[in-house]
Each structure stands twice: as structure tokens, then as C-alpha cells.
Amino acid sequence: MLRAGAPPPNSFTLAFTIKACAVVPALGEGQQLHSQAFRHGLEPSPYVQTGLLNLYARCEEVALARNVFDGMIEDKNLVAWSSMISGYSRLGMVNEALDLFREMQAAGVNPDEVTMVSVILACAKTGALDLGRWVHAFIDRKGIKLDLELSTALIDMYAKCGLIERARWVFDEMVERDTKAWSAMIVGLATHGLAEDALGLFSRMLQLKVRPNNVTFIGVLSACAHNGLVDDGRRYWSTMQKMGIKASLENYGCMVDLLCRSGLLDEAYSFVTDMPILPNSVIWRNLLVASKSSNRIDIVELASKKLFELEPQSSENYVLLSNLYASKSQWDRVRYMRKMMKDNNVTVVAGCSSVEINGHMHKFVVSDGSHPEIKEIRLVLREIADRVLRAGHKPWTEAVLHDVGEEEKEVALCEHSERLAIAYGLLKTKAPHVIRVVKNLRFCPDCHEVTKIISKSYDREIIVRDRVRFHRFIGGSCSCKDFW
DNA sequence: ATAGGGTTAG
């Protein structure tokens, strides 16, 4: 790396090259620079250290980052704390991020705008609304300035946590807005199914001569897709080309989604086959789901073939196809999918739910017995079942899986991840507390119904929601309407 | 002369 006879690096040259590796990001090259720092005795330089810390954080190597962080024995500065927090946030490790944030203040270091962006990001990523709101209040209380980046992060956080009106409020308060700020707001409105607002905002953006980018168009196109605006969507697609914005894979994905939801399967199919770039698994999956209720066996076969080529290890695809065949009573094919899973050593990854309690996110997966308080949780679960039954409702939803054994089925039914999270929430809070559960996968209308009963019976407001989707589905590909 | 931050489909 370093030529013979070249002048030795100093803390300046090293810091710059490390930063270059961080922005790429290039882990291997960065690590070579790390050993150079050792060799030339430049390790103690705070600039080199924070550079390395940030490099590892951006490479999602949080353990390596932590190593550097812990090695900074002298006073850790604000930049080091912020970098470490952002490393946790990037990985969605919201508890670690917030614990560190608290630790930082205990150490007498005052956070600034940059620190707060990372903290807000962690809340956005995990859907931790109570925490997010607390962090926003903290920002106000400390008089931290809502600059362009922090405002954009707040808009995104509120939108992802379901408070679109708060997101709008932050947006309206901004004195200066760039493409990213507009995009965050437009995407947020689109996820909430507010097409009219999203598209209205987009035209205001154009009026004000702010140039949109491909992310802005993700918002615009998905707004159309969520609301069945096929013609508008097509028009915006050509607008995008006319503006000289190169469509990204995500933009193509939005168009496929638009056509699929509107029941235009043929058109979606030729759109995919005519794409100038290779479609990814999201696109093939969308097409597969859309062709579920059609007679287009050819599309089903091609899409599943592509899916298994692209993601042979993803259980999602096997389950999807297995359920598709089951819905058509093609049991031999269902069995074949099961066999394929076994042969390829694919295991089902369970969905998970989290619940916010006293500033921490507690995560649960289906049938997870590893929680230290699982005994108490199970007692609450039993009590819930009794109360729901007394209210005249079946306590558990029917299994979606088709050939699990009876015993296995019993467990799967009783210990839905969101049910565990609700039970824990009931255990840890007193009426009339709001229990907020975030589910990583979509939950079924039946769960919604049961949740209402639990809510009433325990005098607690219980909100179970999907992590990021807030719109109501329309069109042929999805039918789940009950989100809240 | 050096360091940490925001928008991305289903």
C-alpha cells in the first residue's frame, strides 16, 4: 500500500485516507490503514481513532467500532460518542444506541445536532415512537437546533412511527428544504396512503424549483401504487425520464407494484421482461403474488425459478410458494416445497414483535422461551386466553402453516410474537398505560380483533402496528385492510 | 490542514 521510500504517514494523511475508506465504505483497506497506524505509532491520535471508529461503524462492524471506542482511555470526545451511537443506530440496535446516549450525558458530554440525528435514526428504524417523542422533547428542551439534517431525520422518524401529522408539522416548520427533506416528506405521505398530499407536495416542490431525484420518485410512484392511480403513475414515470433522472431498481419496482396492484398482470410481466436492468427478488416476488389468483402458470413458474436462483436460502420464498400451492389445493407441490426446504437446509425465520417499556425496546419471536420472565409472561397469556374466550371470541388465530404437527401448532398459536409482546406490556405497565407493539410482519385482521378485546378487558390502550406500512391496500395483490 | 448527521419499493 505504501511505496518503499515514500514519506511515512502522519496523523493528517492517515485520517484523510481512513475517512475515504469510511465513505466508500471499504473495510479491508481501512483495516490495512489501521495496522499502518499501529506501525507508525499514530494510534493515539484522536483524529485517527475517531476515523477508525467511524470506519467500523459505517461498515456495520459494531464490535470492532466498540473496540476502538473502549480503547480511547482519555476523555472520549463528542465525535467519538456520536460515531459509536450511529454505529448502533445503523444496525437498528436501539437499546444500545440509547444506553450509550444516556451514558454519554452521564459522562458530562453534551450532545449536538449530529448526535441527535443518530439517536432519532435508531427510533425510526425500530418504530420506537415513545422514545422518538421523548428524544424530540429532549432536543427542544436543550435548545438543539433543528437544522436540515435533524429535521429530515425527525420527519422520517414520525412518518415511520405512524405520526404523519407530526412529520408534516416538522416539515412545515423548516426554513430551508432540500431534495432529501422533500423526499422524506413525500415518501412518508405515500406510505400512509395519502396520495393526494404526496402528489400535491411534489408539484409544490417543482414550483419552488427544487430538483427531485430518484428517491423522490419512489415516493411519487408508490403513492400512485397505493391508491390505484395507474395513469398518473405512468405519467410520472415519463416525467421522470423527461427530467433526465435515471430510474433505479427501486423505481422499476414501484412501477411493477403499481401495475400488479391494479390487476394489470400482463403489462407488469412485459414491463419486467423489458427492463434494461436485472430485476431483483422483490420484483419477482411481487409478480408471483400478483399471479396467484390468475391462470398464468407460466408467470408463477418463471418468477419462482428466478426467486430460487436469486435467494436459494430465503425461507420466505418457500413459504410463499407453499402457501400459494396450498391455496390451490396442490398438496403434492406443497410437499415438494417442504422437501426442497429440507434438502437445501432452509429454516424458517420467525417474525418478531417489540414493545416499548420505560425507554427500552423488548423484542419477542414466536414461541421464544428464552426470556427471563417467560413464566410470568405465560401466566398472562393464559389469562388473556380466558378473557378473550369469555368475550365470545376464539383466542387464537388459525394457523397459516399447513402441515405442522398438532403440538407444534398449539405452541405456534399461543405464542404469536405480538401476543408475547402484549403480555409483557401488560405485565410491566399499569392501567391506563398505552402499550405500543411494533410488528415486523403484517398482522392479520383477526389479531386486530383480539387486540381490541384485550385492550378493553385490561383497560390499557394497546396499539399493534406494522413497522412501516400504513396505507390500506387496494387492487388484486393484497387484501389485508385492518392495520390499526 | 485533519473527526460524527438526513430521504430508497414490498
Please determine if a side-chain N or O atom of A/R285 lies less than 4.0 Å away from the OP1 or OP2 oxygen of B/dA9. no
What is the nucleic acid contact for A/L53, judged by heavy atoms within less than 4.0 Å: base, sugar-phosphate only, or nothing? nothing
From the candidates B/dG6, B/dT2, B/dA9, the one with an atom nearest any side-chain atom of A/V117 is B/dG6
Which is true for A/A181 with a 4.0 Å heavy-atom rule: it touches a base, it touches only sugar-phosphate, or it touches nothing? base
Among B/dG10, B/dG5, B/dA3, which nucleotide sits nearest the side chain of A/T50? B/dA3
So what does A/L148 hit on the nucleic acid, given a heavy-atom distance under 4.0 Å: a base, only sugar-phosphate, or nothing? base
B/dG6 base to A/E149 side chain: any donor-acceptor pair below 3.5 Å? no
Nearest to the side chain of A/R58 - B/dT8, B/dG5, B/dA3? B/dG5
A/K160 side chain N/O closer than 4.0 Å to the phosphate oxygens (OP1, OP2) of B/dT8? yes
A/I144 CD1 to B/dG4 P: how many Å, rounded? 19 Å
Whole-Å distance separating the CD atom of A/Q49 from the C1' atom of B/dG4: 15 Å
Atom-to-atom span, CG of A/D466 to P of B/dA9 - whole angstrom: 13 Å
Taking the six-membered ring for Trp, does A/F12 stack with B/dA1 (centroid gap under 5.5 Å, planes within less than 30°)? yes
Can you tell me if the side-chain N/O atoms of A/N54 get under 4.0 Å from OP1 or OP2 in B/dA3? no
Distance alone, cut at 3.5 Å: any donor-acceptor contact between the side chains of A/Y88 and A/N95? no
Look at A/K180 and B/dG5 and indicate whether a side-chain polar atom (N or O) is within less than 4.0 Å of OP1 or OP2. no
Across the strands shown, which category fits A/S86 at heavy-atom distances under 4.0 angstrom: base, sugar-phosphate, nothing? nothing
Does the side chain of A/K439 reach to within under 4.5 Å of the side chain of A/S354, using non-hydrogen atoms? no
Looking at every strand, decide which applies to A/N251 at a 4.0 Å heavy-atom threshold: base, sugar-phosphate, or nothing. nothing
Report yes or no: is there a donor-acceptor pair, N or O only, under 3.5 Å between the side chain of A/S83 and the base of B/dG4? no
Is A/I18 touching bases, backbone alone, or none of the nucleic acid, heavy atoms closer than 4.0 Å? nothing
Whole Å only: how far is the NE2 atom of A/H226 from the C1' atom of B/dT8? 13 Å
Looking at the rings of A/W182 and A/F171, which for Trp means the six-membered one, are their centres under 6.0 Å apart? yes
Atom CE of A/M255 to atom P of B/dT8: distance rounded to whole Å? 21 Å
Does a side-chain N-to-carboxylate-O contact under 4.0 Å join A/K306 and A/E301? no
Side chain A/N280 and base B/dA9 donor-acceptor under 3.5 Å: yes
Between the base of B/dG5 and the side chain of A/D147, is there a donor-acceptor distance below 3.5 Å? yes
Base, sugar-phosphate or nothing for A/L221? Non-hydrogen atoms, less than 4.0 Å. nothing
Test of ring centre spacing under 6.0 Å for A/F69 and A/W81: yes
Between A/S238 and A/R234, is any side-chain donor less than 3.5 angstrom from a side-chain acceptor? no
Using OP1 and OP2 only, check whether a side-chain N or O of A/R261 sits under 4.0 Å from B/dG10. yes
Using the six-membered ring of A/F470, assess whether NZ or CZ of A/R465 lies under 6.0 Å from its centre and within 45 degrees of the ring axis. no
If the cut-off is 4.0 Å, is A/H471 near the phosphate of B/dG10, judged by side-chain N/O to OP1 or OP2? no
Rounded distance in Å - CG (A/L121) to P (B/dG4): 16 Å
What does A/E113 touch in the nucleic acid at a heavy-atom separation under 4.0 angstrom: a base, only the sugar-phosphate, or nothing? base
Roughly how many Å is it from CE in A/M157 to P in B/dT7, rounded to a whole number? 13 Å
Got a donor-acceptor pair under 3.5 Å from the side chain of A/T115 to the base of B/dG4? yes
What nucleic acid atoms does A/R177 come within less than 4.0 Å of, heavy atoms only: base, sugar-phosphate, or nothing? nothing
When the distance from CD1 of A/I277 to C1' of B/dA9 is rounded to whole Å, what number comes out? 12 Å
A/T152 side-chain proximity, nearest of B/dA9, B/dG6, B/dG4: B/dG6
